[in-house]
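Since the structure comes first, as structure tokens, the remarks are kept for the end.
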Amino acid sequence: MSPSRSSSVRSTSLRARLVAVLTGVTAVGALLAAGMTSAHAADTPLRDLAAAKGKIIGTAVTGSKLTGTYGDIAGAQFNSLTPGNAMKWGSVEPTQGTFNWTEADQIVAFAQAHNQQVRGHTLAWHNQNPSWLTNGSWTSAQLSSLLQNHIGTEVGRYRGKIAAWDVVNEPFNEDGTYRSTLWYNGLGVDYIASALTWARAADPAAKLYINDYNVEGVNAKSTALYNLVKSLKERGVPIDGVGLQAHLILGQVPSTLQQNIQRFADLGVDVAITELDIRMALPADSTKLAQQAADYKSVTAACVAVTRCVNLTVWGFTDSDSWVPGTFSGYGAATPYDENYAPKPAYYGIAEALGGTTTTPPPTTGGCTATYSVVSQWDAGFTGQVKIACSGASLSSWKVGWTYGAGQQISQAWNATCTQSGAAVSCANASYNEAVADGGSVTFGFNASWSGSNPVPTVTLR
Ligand code: G3I
């Protein structure tokens, strides 16, 4: 090949590749946006995939959010819920003797309405206890009776409605010694056996767990937990399961995860992955999202591989409801759905490990989604908005469309040019908001009329 030909080929090829990348990213974004909605609707829900493998798949939830899209996804995709905070002692008894069961009751009712299990979380912990308890000065006998009453009251209230309780949470230090807590310091190590025994008495049908973090791989802490469970079993203390929280970091799934799950199973207890999330340094990009998908897939596969690994629960299913950004500055995007409730590559990683196939290409490059919402509504009118958000992809221009099924009529739009022909609405970007960057979003609004009902339409992004 002559130098000039070579250089011309190279520049043509570079240009072609650039065009391909640009249009490709746009097309992938739009494709995935369309595909995510339809793929999501058409694909088998995670709970059905899990059930076919004999597994339960769960998510931590916030009770007040269990409506709209959040509630739809929580109900459709998962067959187990864990209250993220609602059942902790500080939530249920903020003042001694005064109980607030509102959010916990709400979550249990939602679970029952959606044929879901509930994992109760958590009874004996060093965090999120009420200040009257932590600030009090108690004798051992008083502490013991406080904990026994707490367990009896809470487990008793939900007797028959909770599949499994995290009875004891985070009892160990990283080196495998016992953590210095209100319970350990006041009652000695037998607070663990006592708590389990009291929980069994209050609900004989609930599976009783000890739950901890950084015990996913074989290490000093998980070995201490292993030895504890072994000795509890030998003593006849009621212990049914071990919870591996699995708050993981991108690319750092322990290589001994499956081996570790198996050694607990071999002790004769169930294992649950109880709080899975996989955080990354922000901003997310397509490489990190692909790694995260692989990580979610390998954690799920490890659970699938061990018969006694019965439940895999994510600690919040959406990035908009995750503890990570508030705790690890600069980190986030740790869950399987993005902040706009679009499934991320991680979602498909879980689905694949559960034997699912997707009808669209696995979205390893992320995508862009359009989310329609009604902002306010009055007698005959309403204000709506559509948010277009990209994660792992970008758009150089956009157009969204939907069909109104109940006679709604748009009268005015801003930040977009909208036309309506019969029931069909089409909105295109304004000149100043045509680009949506990876990690960015644009929002446009409109006023419209309605009568009778005002259902939310399915929006497609082109
Ligand atoms: O409810 C208050 C709200 O009124 C207030 O305005 C706001 C201001 O900070 O705080 C709110 O409380 C927060 C609470 O979550 C509810 O959102 C607390 O500050 C915050 O500390 C608390 O964080 C929780 C954390 O446990 C506390 O340790 C997270 O939501 C919860 O996801 C997390 O869950 C734990 C598991 O229980 C055990 N394993 C680790 C896991 C992650 O930390």
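Position 1 is the first residue of the sequence, and the numbers go up from there. Both ligands and their constituent atoms are indexed starting at 1 by order of listing.
What you find for Ala76 and Pro45 is that their closest heavy atoms are O-CB, 3.3 Å.
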Measure and list all N/O to N/O distances between ligand 1 and the protein that fall under 3.5 angstrom.
{"residue": "ligand 1", "atom": "26 (O)", "partner": "Lys88", "partner atom": "NZ", "Å": "3.2"}
{"residue": "ligand 1", "atom": "26 (O)", "partner": "Gln128", "partner atom": "OE1", "Å": "3.3"}
{"residue": "ligand 1", "atom": "28 (O)", "partner": "Gln128", "partner atom": "OE1", "Å": "3.4"}
{"residue": "ligand 1", "atom": "30 (O)", "partner": "Asn85", "partner atom": "ND2", "Å": "2.9"}
{"residue": "ligand 1", "atom": "32 (O)", "partner": "Trp315", "partner atom": "NE1", "Å": "2.9"}
{"residue": "ligand 1", "atom": "34 (O)", "partner": "Lys88", "partner atom": "NZ", "Å": "3.4"}
{"residue": "ligand 1", "atom": "34 (O)", "partner": "Trp315", "partner atom": "NE1", "Å": "3.2"}
{"residue": "ligand 1", "atom": "37 (O)", "partner": "Lys88", "partner atom": "NZ", "Å": "2.6"}
{"residue": "ligand 1", "atom": "37 (O)", "partner": "His121", "partner atom": "NE2", "Å": "2.7"}
{"residue": "ligand 1", "atom": "39 (N)", "partner": "Glu170", "partner atom": "OE2", "Å": "2.9"}
{"residue": "ligand 1", "atom": "39 (N)", "partner": "Gln245", "partner atom": "OE1", "Å": "3.0"}
{"residue": "ligand 1", "atom": "39 (N)", "partner": "Gln245", "partner atom": "NE2", "Å": "3.4"}
{"residue": "ligand 1", "atom": "39 (N)", "partner": "Glu275", "partner atom": "OE1", "Å": "2.7"}
{"residue": "ligand 1", "atom": "39 (N)", "partner": "Glu275", "partner atom": "OE2", "Å": "3.4"}

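A donor and an acceptor atom, one from each side chain of Asn211 and Thr274, are located under 3.5 Å apart.
Sorted pairs that involve residues 108-118 and meet side-chain hydrogen bond (donor to acceptor under 3.5 Å, both in side chains), not counting sequence neighbours, are lacking altogether.
Within 6.0 Å of the NZ atom in Lys55, the count of heavy atoms belonging to other residues, nucleotides or ligands exceeds 12. Other residues, nucleotides and ligands place no more than 12 heavy atoms under 6.0 Å from the NZ atom of Lys387. By the neighbour-count criterion of 12 heavy atoms within 6.0 Å, atom OH of Tyr331 is sparsely surrounded, having that number or fewer from other residues, nucleotides or ligands.
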